[in-house]
Q: 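Here it is: the structure, laid out below.
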Amino acid sequence: MWRLVRRWTDWVLDELLPLVRTRRSGFVVEVGYDSGGRTRVEVPVPWAADAAVVEVVLRLPVAARRKVDFALQFPNAPRVAAEGLRAEAGDRFRITFRFPVPPTSAIAELQWKHQTVAPVPVSVLTANEFLAGLSVSGATATVRLGEQAVSVAAFVPNGCKGLVATAVLDSLYPLGPLGDLGLAIEFTSERTGRTFTTPVPLTATQRAARQTLAVAVCPRAPRRPGGWLVRWRAGTRVLAAVRVEAVPARRFELGVRLLDTRFAVADETGALRVVRQPPALGQYGRVGPCFLVAGAEPGAAGVCRFAVFAVLPAAAQAVQLLEEDVVVTDAPTVFAPGLVESVDLLRISAFELRLNGRVLGTVALSPVPHATLTAEGGFKPPQDFEWSAAAEDDLMKRLGRLGG
């Protein structure tokens, strides 16, 4: 009789009491996943993770410290046996479970010898949920023209060294799943119908972040006029798209105009400054023209070869000083070709800016001539003078003094 009572007492101590003590002592659940050789403790668990990981930390009596006694039970699924059980501080132990990612979020049961100890919620991030929380801002097409990169809506293919797409990705979740979906930027030529796809790899830092900059270069630099469609794609979903157009050089150059003129001057110390009016002869050691040019087509950019000519009073034709390639946009672009020694200015009356033989404007070095009053009360008109923006500015200042 006593032997039967002893067996019943041992069964109660081994099978029931550890469970009761565990429930009363509390527990901590940590849910994460394995991805790319790393274990991340965060939820939700991406659908494409290598495995879901659940770790439960709780107090265990001596009789309940066997790994084989613990399992996770998901609804309508096989039991998941514990992968490991290791001691923490004091009588606390960490039980680890590793299993394939469930298709949807679920609540599992932590079981000890088929007895429920605690609920374990496992939140799963599906592909549709991830894409719904993914957005793109600042999608831009940029062209490399000469040594510069310009964000454009249109460009001249002559001189284009490459087409670059950039965009900022924002997500409600870490961007790691993009590596499994596949992030790519497509460049499609509307003229030929050909599409160039450039994958965008993400670093470990970008995968852990919720915002990053995606950049890709088109494998083929545009060489002929025509439209280009740039699309940012995650898997089969198009996140954003922009269109740029390669325009003929002639069309762009016909819209280039001279907005204003200035003078770049340098004193004996070499310090540079820009002045509105032509300086007096000998006031500065070196003087040169400064042109402000712009294109007429909104959002367009191109490389223009400007020629600067010197107008000589004694010569029938202007003399070319130099040619230079300049990146021109629809905003004012400063073109300062260089400085001339002050002594050489004695032979030059003006600088002329040309584009493909077309004169865009002239900046005169001589001051605005004055009309001479006669004894009869009339005036003698000045000699022929090349009107310029500087002359216009000087006229307005004189009119302002007369009116004030």
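All residue numbers refer to positions in the sequence shown, counting from 1.
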Q: Quick one, Gln111 with Leu72, criterion side chain to side chain contact (heavy atoms under 4.5 Å, CB included). Give me CA distance, side-chain angles, the key distance, then yes/no.
A: CA-CA 6 Å; Gln111 296 182 346; Leu72 276 183; over 6 Å; no

Q: Testing the basics here: between Gly299 and Asp330, what is the closest heavy-atom pair and its distance to 0.1 Å?
A: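 Shortest heavy-atom contact: N-OD2, 2.8 Å.
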
Q: Between atom CZ of Arg358 and atom CD of Glu253, what is the distance when rounded to the nearest 0.5 Å?
A: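 Answer rounded to 0.5 Å: 8.5 Å.
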
Q: How long is the gap from CD on Gln73 to CG on Leu110, to the nearest 0.5 Å?
A: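 Going from the CD atom of Gln73 to the CG atom of Leu110 covers 11.5 Å.
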
Q: If I take atom CH2 from residue Trp232 and atom CD1 from residue Ile185, how far apart are they, to the nearest 0.5 angstrom?
A: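 So the CH2 of Trp232 and the CD1 of Ile185 are separated by 6.0 Å.
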
Q: Take Ile348 and Val311 through the test side chain to side chain contact (heavy atoms under 4.5 Å, CB included) and record every step on the way to the result.
A: CA-CA 6 Å; Ile348 302 175; Val311 179; 5.7 Å; no

Q: Taking Ser35 for the side chain and Ala49 for the main chain, is one N or O donor matched with an acceptor at less than 3.5 Å?
A: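 Answer holds: no.
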
Q: Where is the tightest heavy-atom contact between Ala264 and Leu339, given as atom of each residue plus distance?
A: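 Shortest heavy-atom contact: O-CD2, 3.3 Å.
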
Q: Is the shortest side-chain heavy-atom distance between Leu183 and Leu175 below 4.5 Å?
A: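 No, side chains not in contact.
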
Q: Tell me, with the steps shown, if Thr116 and Glu109 meet side chain to side chain donor-acceptor pair (under 3.5 Å).
A: CA-CA 6 Å; Thr116 300; Glu109 293 181 347; 3.0 Å; yes

Q: Any idea which heavy atoms bring Val303 and Gly146 closest together, and the distance?
A: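 Smallest interatomic distance, heavy atoms only, reads CG2-N, 4.4 Å.
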
Q: Output, in order, the C-alpha distance, side-chain angles, deciding distance and verdict of salt bridge (charged side-chain N to carboxylate O under 4.0 Å, His left out) for Arg94 and Glu30.
A: CA-CA 10 Å; Arg94 182 179 295 270; Glu30 297 177 356; 3.0 Å; yes

Q: Is the charged tip of Arg354 near the ring of Phe306: under 6.0 Å from the six-membered ring centre and within 45° of its axis?
A: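 Geometry flag: not set, cation outside 6.0 Å or 45°.
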
Q: Please lay out, stage by stage, how Arg231 and Thr188 fare under the test side chain to side chain donor-acceptor pair (under 3.5 Å).
A: CA-CA 8 Å; Arg231 289 173 292 193; Thr188 301; 3.2 Å; yes

Q: Could I get the full list of salt bridge (charged side-chain N to carboxylate O under 4.0 Å, His left out) partners for Glu297, not counting sequence neighbours?
A: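 Checked Glu297 against salt bridge (charged side-chain N to carboxylate O under 4.0 Å, His left out); matches are Arg251.
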
Q: Provide the closest heavy-atom pair for Ala139 versus Val242 in the form atom of the first, atom of the second, distance.
A: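 Reported closest heavy-atom pair: O-CG1, 3.6 Å.
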
Q: Given Arg276 and Asp260, is the salt bridge (charged side-chain N to carboxylate O under 4.0 Å, His left out) satisfied, shown in steps?
A: CA-CA 10 Å; Arg276 177 77 177 184; Asp260 203 351; 2.5 Å; yes

Q: Taking side chain as C-beta onward, heavy atoms only, is Pro174 less than 4.5 Å from Arg210?
A: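 Result yes, sub-4.5 Å side-chain heavy-atom pair found.
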
Q: Within a 6.0 Å radius of atom CZ on Arg144, are there more than 12 heavy atoms belonging to other residues, nucleotides or ligands?
A: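 No - once you tally the heavy atoms of other residues, nucleotides and ligands closer than 6.0 Å, there are 12 at most.
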
Q: Short question: side chain of Arg38, backbone of Ala204 - any donor-acceptor pair under 3.5 Å?
A: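 Side chain of Arg38 to backbone of Ala204, a donor-acceptor pair under 3.5 Å: no, none is there.
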
Q: Taking the side chain from Arg65 and the backbone from Leu60, do they hold a donor-acceptor pair closer than 3.5 Å?
A: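 Here the side-chain-to-backbone pair exists.
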
Q: Please work out which of the three classes, parallel, tilted or perpendicular, describes the rings of Trp112 and Phe70, given edges at 30° and 60°.
A: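 Taking Trp112 first and then Phe70, their aromatic rings sit tilted (interplane angle of 30° to 60°).
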
Q: Not counting sequence neighbours, list each pair that qualifies as a salt bridge (Lys or Arg N to Asp or Glu O under 4.0 Å) and has a residue in residues 300-312.
A: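 Sorted pair list: Arg305-Glu323, Arg305-Asp325.
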
Q: Could you check if a side-chain atom of Val53 sits within less than 4.5 angstrom of a side-chain atom of Asp34, using non-hydrogen atoms only?
A: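 In contact.
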
Q: Hey, does Phe93 have a side-chain heavy atom less than 4.5 Å from the side chain of Val57?
A: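 No; the side chains remain at least 4.5 Å from each other.
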
Q: Passes side chain to side chain contact (heavy atoms under 4.5 Å, CB included), Val319 versus Leu312? Steps please.
A: CA-CA 8 Å; Val319 178; Leu312 308 179; 3.7 Å; yes

Q: Is any side-chain heavy atom of Leu353 closer than 4.5 Å to a side-chain heavy atom of Leu258?
A: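 With C-beta onward as the side chain, the pair touches.
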
Q: So do Leu169 and Val136 actually touch side chain to side chain, heavy atoms under 4.5 Å?
A: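 A side-chain contact under 4.5 Å exists here.
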
Q: Roughly how far, to the nearest 0.5 Å, is CD of Gln277 from CZ of Arg262?
A: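 Atom-to-atom, Arg262:CZ and Gln277:CD are 9.5 Å apart.
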
Q: Are Cys290 and Val334 close enough, and set up right, to give a side chain to side chain contact (heavy atoms under 4.5 Å, CB included), and what steps lead you there?
A: CA-CA 7 Å; Cys290 183; Val334 177; 3.7 Å; yes

Q: Rounded to the nearest 0.5 Å, what's the gap from CG on Leu134 to CG on Leu178? Could you check?
A: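 Reported value, rounded in 0.5 Å steps: 5.5 Å.
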
Q: Quick one: closest heavy-atom pair of Ala52 and Val101, and the distance?
A: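 The answer is N-CG2, 3.9 Å.
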
Q: What distance do Phe130 atom CZ and Leu181 atom CG have between them, rounded to the nearest 0.5 Å?
A: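 Interatomic distance, Phe130 CZ to Leu181 CG, rounded to 0.5 Å: 6.5 Å.
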
Q: More than 12 non-hydrogen atoms from neighbouring residues, nucleotides or ligands closer than 6.0 Å to CZ on Arg250, yes or no?
A: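 Open: at most 12 neighbouring heavy atoms sit under 6.0 Å from CZ of Arg250.
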
Q: Between Arg233 and Gly182 (side chain of the first, backbone of the second, donor and acceptor by atom type, cut-off under 3.5 Å), is there such a pair?
A: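 Absent.
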
Q: For the pair Thr140 and Ser151, evaluate side chain to side chain donor-acceptor pair (under 3.5 Å) and give the outcome as yes or no after the intermediate values.
A: CA-CA 7 Å; Thr140 306; Ser151 298; 5.1 Å; no

Q: Between Ser105 (side chain) and Val124 (backbone), is there a donor-acceptor pair under 3.5 Å?
A: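 Yes, the answer is positive, given that a donor and an acceptor are paired below the 3.5 Å cut-off.
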
Q: May I ask you to test the Tyr33-Pro46 pair for a side-chain heavy-atom distance under 4.5 Å?
A: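 Touching, per the 4.5 Å side-chain cut-off.
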
Q: Is it true that atom CZ of Arg224 has more than 12 heavy atoms of other residues, nucleotides or ligands lying nearer than 6.0 Å?
A: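 No, the 6.0 Å shell around CZ holds no more than 12 heavy atoms from other groups.
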
Q: Would you say the side-chain atoms of Arg257 pair up with the backbone N or O of Gly295, donor to acceptor, closer than 3.5 Å?
A: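 At least one qualifying donor-acceptor pair exists.
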
Q: Closest heavy-atom contact between Ser137 and Asp170?
A: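 Ser137 and Asp170 have their closest heavy atoms at OG-OD2, 3.6 Å.
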
Q: Under the salt bridge (charged side-chain N to carboxylate O under 4.0 Å, His left out) rule, what do Glu190 and Arg243 come out as? Steps first, then yes or no, please.
A: CA-CA 10 Å; Glu190 296 179 352; Arg243 183 184 181 277; 3.0 Å; yes

Q: Quick check on Ile107: does its CD1 atom have over 12 non-hydrogen neighbours (other residues, nucleotides or ligands) under 6.0 Å away?
A: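 For Ile107, atom CD1 is not crowded (no more than 12 foreign heavy atoms under 6.0 Å).
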
Q: What's the verdict on side chain to side chain donor-acceptor pair (under 3.5 Å) for Tyr173 and Glu129, showing C-alpha distance, side-chain angles and the deciding distance?
A: CA-CA 10 Å; Tyr173 312 97; Glu129 291 172 339; 5.5 Å; no

Q: Under 4.5 Å between any side-chain heavy atoms of Val45 and Leu125, yes or no?
A: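 Side-chain contact under 4.5 Å: no.
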
Q: Not counting sequence neighbours, which residues clear ring-ring contact (aromatic ring centres under 6.0 Å, His included) with Phe74? List them please.
A: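 ring-ring contact (aromatic ring centres under 6.0 Å, His included) check on Phe74 returns Phe99.
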
Q: Quick check: are there more than 12 heavy atoms from other residues, nucleotides or ligands sitting under 6.0 Å from CZ of Arg207?
A: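 Counting neighbours around CZ of Arg207, more than 12 heavy atoms of other residues, nucleotides or ligands fall under 6.0 Å, so yes.
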
